[in-house]
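Along the sequence shown, residues are numbered consecutively beginning with 1.
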Amino acid sequence: MKNLCFLLISVFCISFCPSTEKAVINSRNGFYIHVQDFTDRTDHSYILETSDSVNTIFNSFFNTELELGDIDRPITIYNGKFDFYVARVTVFEKPNGKKGFRHLKYSNVYSNRSKISKRSKLKPAIFK
C-alpha cells in the first residue's frame with residue numbers, strides 16, 4: 001500500500017513539473033537595459049533579444065555616432081542627464097506570459113600587472 005501511494009505521488013509530481021527541454025527552449029540570450037533620465041526623473045527598463053535593438057535605444061538617448069559594439073560585461077554610462085546600464089542576460093518567459101531575465105555570472109578580470117601591484121583582481125569598469 002505504501003509503495004502504491006509513493007508511485008501515485010511521484011507520477012502526479014512528474015506530470016505537473018515542466019520538462020528540462022521546455023525550460024531550455026524558453027530561455028535565450030538577450031540584453032537588459034536600465035536608463036535613469038534625470039531631466040524628467042523617469043526610469044526606463046528594457047529586456048531585448050537583439051543587439052540592433054540595443055543600439056537603437058542607445059542612439060535614442062544619446063546623440064552620438066558611436067555604437068556599443070559587442071557587450072561582454074555590464075556597461076554603465078553616466079553623462080549628467082542619463083544613467084545608462086546594459087548587461088547581457090538570459091531571457092525567459094514567466095508563466096504569466098511576461099519576460100523575465102537572469103544575470104550572467106562574470107568572473108573577475110585578471111591583470112598582467114597584478115604581480116607588481118597588490119590588487120590582483122579588477123572589477124568591470126564603470127564610466128561616469
Side-chain angles (χ1 to χ4, degrees):
M1 187 67 176
K2 276 187 177 180
N3 291 337
L4 182 62
C5 288
F6 287 127
L7 181 64
L8 288 175
I9 291 172
S10 62
V11 168
F12 180 75
C13 290
I14 290 173
S15 64
F16 289 106
C17 293
S19 66
T20 56
E21 294 174 2
K22 188 174 183 180
V24 170
I25 291 171
N26 288 338
S27 66
R28 53 204 169 274
N29 293 330
F31 300 94
Y32 171 70
I33 299 176
H34 183 77
V35 182
Q36 289 180 330
D37 187 355
F38 295 116
T39 57
D40 59 357
R41 296 182 181 173
T42 58
D43 291 336
H44 308 279
S45 295
Y46 306 97
I47 300 174
L48 306 168
E49 297 179 19
T50 62
S51 60
D52 295 335
S53 302
V54 174
N55 283 326
T56 303
I57 291 174
F58 179 74
N59 291 334
S60 69
F61 283 103
F62 297 103
N63 297 327
T64 181
E65 296 179 5
L66 298 174
E67 290 187 11
L68 287 174
D70 294 334
I71 300 172
D72 293 336
R73 296 188 173 275
I75 299 171
T76 300
I77 301 170
Y78 175 74
N79 70 349
K81 293 182 181 180
F82 302 105
D83 189 8
F84 188 83
Y85 174 78
V86 179
R88 292 192 64 174
V89 295
T90 302
V91 179
F92 62 91
E93 292 185 24
K94 294 181 180 178
N96 61 2
K98 294 183 179 180
K99 288 185 182 179
F101 66 93
R102 283 185 216 101
H103 285 283
L104 299 178
K105 295 190 181 205
Y106 298 98
S107 60
N108 289 335
V109 179
Y110 290 95
S111 172
N112 290 338
R113 297 180 0 192
S114 64
K115 295 176 185 174
I116 299 170
S117 67
K118 293 181 181 178
R119 185 176 179 186
S120 62
K121 294 181 180 179
L122 300 175
K123 299 289 182 188
I126 297 175
F127 299 103
K128 290 191 177 190

Distance, nearest 0.5 Å, that separates CD of Gln36 from OH of Tyr85:
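Atom-to-atom, Gln36:CD and Tyr85:OH are 12.5 Å apart.
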
What's the spacing between Ile57 CD1 and Phe84 CZ if we round to 0.5 Å?
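Spacing of CD1 (Ile57) from CZ (Phe84) equals 7.0 Å.
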
Are [X] and [Y] linked, directly or through other ILVMFWY residues, by side chains that come within less than 4.5 angstrom of each other?
X: Phe31; Y: Tyr46; result: yes
X: Val54; Y: Ile75; result: yes
X: Phe58; Y: Leu48; result: yes
X: Phe62; Y: Ile33; result: yes

Closest contact, heavy atoms only, [X] versus [Y]:
X: Lys94; Y: Gly100; value: CE-CA, 3.9 Å
X: Tyr32; Y: Ser45; value: OH-OG, 3.7 Å
X: Arg88; Y: Leu104; value: O-CG, 3.6 Å
X: Gly30; Y: Val91; value: CA-CG2, 3.8 Å
X: His34; Y: Asp43; value: CE1-CB, 4.0 Å

Within a 6.0 Å radius of atom NZ on Lys99, are there more than 12 heavy atoms belonging to other residues, nucleotides or ligands?
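Atom NZ in Lys99 is crowded, with more than 12 foreign heavy atoms closer than 6.0 Å.
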
Side chains of Phe82 and Ile77, heavy atoms from C-beta outward: is any pair under 4.5 Å?
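Phe82 vs Ile77: side chains apart.
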
Can you classify the ring geometry of His44 versus Phe61 as parallel (below 30°), tilted (30 to 60°) or perpendicular (above 60°)?
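Aromatic pair His44/Phe61 classed tilted.
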
Going by atom types alone, do Asp52 and Thr50 pair a side-chain donor with an acceptor below 3.5 Å?
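No, because no side-chain N or O of Asp52 sits under 3.5 Å from a partner of the opposite role on Thr50.
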
